[in-house]
Amino acid sequence: MEKPSLPSGTRDFSPLVMQRRKYILSVMESVFVAHGYGALETPSLENLKTLQGKYGNEGDQLLFKVLNSGDYLSNVGEDILQSKEVKLLTPHIADRGLRYDLTVPLARFVVMNRNDITFPFKRYQMQPVWRADRPQKGRYREFWQCDIDVVGANSVVSEAELIEMYQAVFARLDLGVTIRINHRGVLDAFMGVLGNKEDWNTFMIVIDKADKIGYEGVVKELSERGLTRALGAWEWLWNSKSERGNEAKLALAANTAFMQCDTLTAALNDLRSIFGLVESTENVVLDFTLARGLSYYTGAVFEVEGSDGRLPSDFRLGSIGGGGRYDNLTGVFGLKDVSGVGVSFGLDRIYDTMEAANLFEGVGVDATATLVCAMDEDCLLFSSGVARALRARLSKVELYPGTPKLKKQLDYANDKNMGFAVIIGRDEMQANQVALKNLVTGEQTHCSVEEAIGQIASVNR
RNA sequence: GCGGUUAUAGCUCAGUAGGUUAGAGCACUAGCUUGUGGCGCUAGGGGUCGCCGGUUCGAGCCCGGUUAAUCGCCCCA
């Protein structure tokens with residue numbers, strides 16, 4: 001017999017898990033809507049042309065490609081088939097792939113609909129993305145991103161708004177987080193030290209690991225990669241981390257001679273404005289070592305991680321959200337000078353973090369949920385009428401499908417955390433009443449359907 | 001793409017230097033209770049020990065291979 005299994009890195013979500021995931025999604029959505037962001041959905045499949053070349057060299061490898069339909073090998077040249085080179089063959093047999101993130105589809109959408117969109121365009125998008133990465137803790141091959149972006153506005157009002165939306169969502173989820181922020185303009189100031197773009201990129205990759213591998217780790221890796229001339233810059237970055245307070249860090253950068261340039265000045269101004277606009281910067285930490293991988297960021301960058309006191313001390317999951325400003329995103333699709341800024345919420349990691357912090361107790365519990373139990377077949381018709389009457393006035397009412405022993409029906413209600421059982425047998429039917437049992441207290445009374453509705457509805461969660 | 005670890009019941013796992021019939025908890029079914037759950041007691045069903053091969057009188061256990069899962073590296077939301 002064939003044992004069923006799932007593709008590596010994918011998961012089923014049970015009703016219990018879905019209840020919690022939907023709870024997170026609904027909190028986010030209400031915050032998004034309250035700030036005027038509109039929903040957008042795009043297809044799971046995109047043309048490979050759209051996706052390729054947007055995520056760096058490694059990114060293309062991580063794209064899930066979808067085979068063409070039909071007899072897709074028939075038009076491939078013999079020489080290509082014989083070469084056994086994947087990179088040569090792939091373009092001939094796969095024209096489409098699964099989306100890798102929500103930002104590139106957004107850019108494509110904006111370019112395709114530029115004439116119909118009112119700018120600034122504020123959209124939210126909550127959909128799964130796929131990466132052919134090796135799965136490990138907190139890393140899945142299919143996972144959900146929840147993105148909010150503002151396209152077509154240069155003002156850092158948007159950056160401030162996004163930070164406040166991060167704060168609003170996590171406050172409502174009751175999850176303590178730290179929002180790290182930096183600005184690419186600060187990092188650009190190191191171009192003078194590095195000399196060329198390639199080495200600068202390498203430098204970004206290495207310093208981005210600072211929290212993971214520590215000061216010595218970065219020194220070691222920079223040396224191994226032949227960037228000893230950047231050790232001074234790294235030294236400065238590392239020291240800046242111990243500066244207390246965002247204002248002090250800004251001042252430090254502003255007063256460091258070797259960094260001075262126009263981009264730095266502009267970046268520090270942006271950061272200063274953002275801090276001024278945000279109501280509270282209590283959980284916003286300026287960190288000059290924050291780089292983030294994606295190459296298209298040009299302004300502020302953000303990263304969120306769980307820092308809740310209820311999390312186990314050894315809990316590490318990487319970031320649960322991130323984003324930044326990108327001035328040239330739609331440029332690759334032919335639309336110049338449209339700036340975008342956005343952040344992403346990683347639903348799966350937020351879930352994992354909340355679960356680790358034990359924050360799901362009570363989520364989705366409806367104390368008024370009611371199960372109607374019919375004692376035997378003769379009571380079913382009457383019971384279904386009662387269920388209908390209850391459902392018209394209450395939020396969640398079920399009629400048990402069938403008439404097994406009461407024990408079984410009550411076990412069912414118990415397992416589903418329902419608040420009440422309405423039991424109907426011959427006696428009740430004859431008296432035109434129901435037996436109303438409070439499943440939390442165990443109390444049971446006989447009453448009319450109207451009275452039952454009143455009693456159930458009076459229970460506040 | 002590279003390395004470590006693991007693979008025994010539906011789930012989580014135990015299994016003692018290779019030795020008769022492979023165990024526990026949870027879950028499930030039935031009964032204790034002819035119409036009353038969460039707790040309890042009793043009984044029961046359920047496993048070709050991932051797969052293939054080897055060593056041995058004998059393999060869940062040892063060896064080789066294979067597949068899968070998982071953790072980490074590379075890289076990155």
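A note on names: the letters A, B, ... follow the listed sequences, proteins ahead of strands, and every chain is numbered from 1.
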Among the candidates [options], find the nucleotide nearest to the side-chain atoms of [X].
X: A/Q136; options: B/C71, B/U36, B/C28; result: B/C71
X: A/A435; options: B/G35, B/A69, B/G37; result: B/G35
X: A/D411; options: B/U36, B/C75, B/G37; result: B/G37
X: A/K137; options: B/C75, B/G35, B/C71; result: B/C71
X: A/R139; options: B/G35, B/U29, B/C75; result: B/C75
X: A/M375; options: B/C75, B/G35, B/C28; result: B/G35

Strictly below 4.0 Å: does [X] bring a side-chain N or O up to OP1 or OP2 of [N]?
X: A/K405; N: B/A30; answer: no
X: A/K209; N: B/C75; answer: yes
X: A/K437; N: B/G35; answer: no

Could you label the plane-to-plane angle of the A/Y297 and A/Y326 rings as parallel, tilted or perpendicular, counting under 30° as parallel and over 60° as perpendicular?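 Tilted, since the angle between the ring planes falls between 30° and 60°.
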
Considering every strand and a 4.0 Å limit on heavy-atom distances, what is the contact class for [X]: base, sugar-phosphate, or nothing?
X: A/V343; answer: nothing
X: A/L62; answer: nothing
X: A/D427; answer: base
X: A/N438; answer: base

Rounded to the Å, how far apart are A/L63 CG and B/C76 C1'?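 Roughly 13 Å, once rounded to whole Å.
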
Find the distance A/Y412:OH to B/G38:C1' and express it as a whole number of Å.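 Value for this atom pair: 17 Å.
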
Rounding to an integer number of angstrom, what distance separates [N] and [M] when you compare their [atom1] atoms?
N: B/C61; M: B/C51; atom1: P; result: 11 Å
N: B/G64; M: B/A59; atom1: C1'; result: 15 Å
N: B/A9; M: B/C49; atom1: P; result: 10 Å
N: B/U8; M: B/C62; atom1: P; result: 15 Å
N: B/U70; M: B/U12; atom1: P; result: 12 Å
N: B/G10; M: B/G47; atom1: C1'; result: 11 Å
N: B/C76; M: B/A24; atom1: C1'; result: 43 Å

First encountered from the 5' end of RNA chain B, between A/D133 and A/G425: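 Going by which nucleotide is closer to the 5' end, it is A/G425.
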
Under the 3.5 Å rule, do the base of [N] and the side chain of [X] count as making a donor-acceptor pair?
X: A/Q409; N: B/U36; answer: no
X: A/Q444; N: B/G37; answer: no
X: A/R134; N: B/C76; answer: no
X: A/N414; N: B/G37; answer: yes

[X]/[Y] aromatic ring centres below 6.0 Å:
X: A/W130; Y: A/F64; result: no
X: A/Y351; Y: A/F360; result: yes
X: A/F32; Y: A/Y124; result: yes

So, are [X] and [Y] salt-bridged, with charged N and O less than 4.0 Å apart?
X: A/D378; Y: A/R426; answer: yes
X: A/E303; Y: A/R180; answer: yes
X: A/D348; Y: A/R139; answer: no
X: A/E221; Y: A/K209; answer: yes

Would you write out the dot-bracket form of RNA chain B, 5' to 3', with Watson-Crick and G-U pairs under 3.5 Å, [ ] for crossing pairs, | for pairs to other strands and . for unpaired bases? (((((((..((((.....[...)))).(((((.......))))).....(((((..]....))))))))))))....

